[in-house]
Amino acid sequence: MSWEPRPVPEPNPETERYWAAAASGELLVRECLDCGLVYHYPRSLCPDCFSENVEWREASGGGEVYSYSIARAISGWPEADLPLVLAYVELDDGPRLMTNVDADPEDVEIGTRVDVRFVDTDASDVAVPVFTPVDD
Amino acid sequence: MAMAESVYVAGAFEHPTREAPDKSTMQLHAEVAAGALEDAGLEKADVDGYFTAGVPEYESGLSPLIMADYLGLDPSYADTTDFGGSSYVSHVGHAASAIRDGRCDVALVTLAGRPRSRGQATGSGARDIRTVQDSFERVYGATNVGMYGMAAQRHMHEHGTTSEQLAEIRAAASHHAQYNEHAMYREPVSVEDVVESRVVADPLHLLDCCVISDGGGALLVVSEDVRSELDRECVEVLGFGEAIGHHDAGRIDLTRTAAEQSGSRAFEEAGLGPEHVDYASIYDSFTITVLEAIEDLGFCAKGDGGSFVEGGTLRAPDGELPFNTDGGGLCSNHPANRGGMTKVIEAVRQLRNEANPEVQVDADVALAHGTGGSIGTRHGAATVVLGREAP
Ligand SMILES: [Zn+2]
């Protein structure tokens, strides 16, 4: 399964490693070695203290749904992807990130435990992180 | 510290159109500018400051040049702050500062747009990837209504807010819109009508969303010297504040907006508090936008917005906090998908006793608040406190 015809991320020098890591099955976050902030989306300078002493860190991939909404129709969106669960997932590593929860909308609530998985795009060095509920 | 110079809104004009297939957007800018000048009793040649935000149809990033060229303006001061829909509230505050600095005396603010004629639909998704953030948002189908839906869902989760409480905000706006001959939707709707309308993005229903309309509006902000030569009743700019809310590196809180900061800054400058506000224009892209702003501006405690709006609180003329007496963006007008302009205009009408008679409030102090962009990602907040002139 390919991500297209949905819009595809456009890597830039600050983010290409994030997308390439996703293509090899890793979710990365940024960590500031000066102030300790773990943040998303990737930036070369820490958005809290402007330090350039920041590293990539592999996130556990687990988290829980912070909030969500279900779109029934989005113009230009593939029918097979609707209804679409738009969500913020709070990673166990800290930051909240916008994503999709790939699940029956009935199975998604605030607090639902989720794990990351990656959907390939037509570009070999770009995959898109989404989340699925964890069976408990 | 010396008292700051008083600054006034001397002219306000809302275009009566809600659908303008046969006009250009720049033509609408010119028509509202002419309307505001006539309202104030000023001439085009008096304008020496010009304020406008982006011109979405043109996307050139050169809106001050394009617009000054088209309108034939030669301003000594220009400002094109673009926070989305709240921009025009910011422009009033920025114009007041520029006037107090002696940079201009007659500041023209214009807004126009034609999203209705250009066929934009509620919930339509922006697909273009331009900024770095787009790659982390738009790829997931992050529509505006979806992001506000997430805010509403989280507010409900944390505070027990209900769809019926959100619906009362639309119902109150529609109660006001029935008296506005220009409103897009004049038929009053009930709480049941709202919650029974189709769900667009859970938990928001179609009637939780603002209208999509063509149109525009303009304001004239003037110095004390200019004001003293006008016969027109004017409105004093008592206080202004703005702020930006954003992802905060991954700590975004969907239940809070930057109205907490913009509101407290505006109240501090005015030397007033929420208890002094007789009428409020509150940005209403969606019902949840109103609810969160009411809390953040301090009209009630965080989380109490749902119970606060129940029981007719927002309904003019007798509610505790009459709001959006023109019907607001929810029922009357949301020109260019940017509602900050009409928020200021209705507040000016209230303070000049020019609101529709059925919803005219006995108001000495009015507030206009804008929320631009999306509270689901990043947004601008701008608050202006306006006062009736002493007789
Ligand atoms: Zn840092």
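The shortest side-chain heavy-atom distance between B:M150 and A:M98 falls under the 4.5 Å cut-off. Looking at heavy atoms from C-beta onward, A:W19 lies in side-chain contact with B:S135 at the 4.5 angstrom threshold. Counting heavy atoms from C-beta outward, A:R6 and B:V139 have side chains that stay 4.5 Å or more apart.
Distance OG1/B:T143 to CG/A:L84: 9.0 Å, rounded to 0.5 Å. Distance CD/B:Q133 to OG1/A:T15: 11.0 Å, rounded to 0.5 Å. The distance from the CD1 atom of B:I252 to the OH atom of A:Y66 is 7.5 Å, given to the nearest 0.5 Å. For the atom pair OG1 of B:T131 and CG of A:N12, the computed distance is 10.0 Å after rounding to the nearest 0.5 Å. Atoms CD and CZ, on A:E10 and B:R130 in that order, are 10.5 Å from each other to the nearest 0.5 Å. Rounding to the nearest 0.5 Å places CE of B:M156 at 10.0 Å from OG of A:S67.
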Working note: B:R251 + A:D48, criterion salt bridge (charged side-chain N to carboxylate O under 4.0 Å, His left out); need CA distance, chi angles, decisive distance, verdict.
CA-CA 12 Å; B:R251 293 164 294 205; A:D48 268 10; 2.7 Å; yes

Audit row: A:R72, B:R198, side-chain contact (heavy atoms from CB on, under 4.5 Å) steps and yes/no
CA-CA 10 Å; A:R72 319 297 171 107; B:R198 141 176 100 77; over 6 Å; no

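Taking each heavy atom of B:Y140 and A:W77 in turn, the nearest pair found is C-CH2, 3.9 Å. A:S69 approaches B:G146 most closely through the heavy-atom pair CB-O, 3.4 Å. Counting all heavy atoms, side chain and backbone alike, A:I110 lies closest to B:R154 at CG2-NH1, 3.3 Å. Across B:V132 and A:Y41, no two heavy atoms sit closer than the pair CG1-CE1, 4.0 Å.
If you measure heavy-atom distances from A:P129 to chain B, the contacts under 4.5 Å come from both the backbone and the side chain. Of the atoms belonging to A:N100, heavy atoms from both backbone and side chain fall under 4.5 Å from chain B.
Of the N and O atoms on the side chains of B:H247 and A:Y88, at least one donor lies less than 3.5 Å from an acceptor on the other residue.
Between B:F136 and A:Y18, the ring centre distance stays below 6.0 Å.
The stretch residues 23-33 of chain A places none of its residues near chain B, where near means some heavy atom under 4.5 Å from a heavy atom of that chain.
Across A:L37, A:V130, A:T99, the residue that shares the most heavy-atom pairs under 4.5 angstrom with chain B is A:T99.
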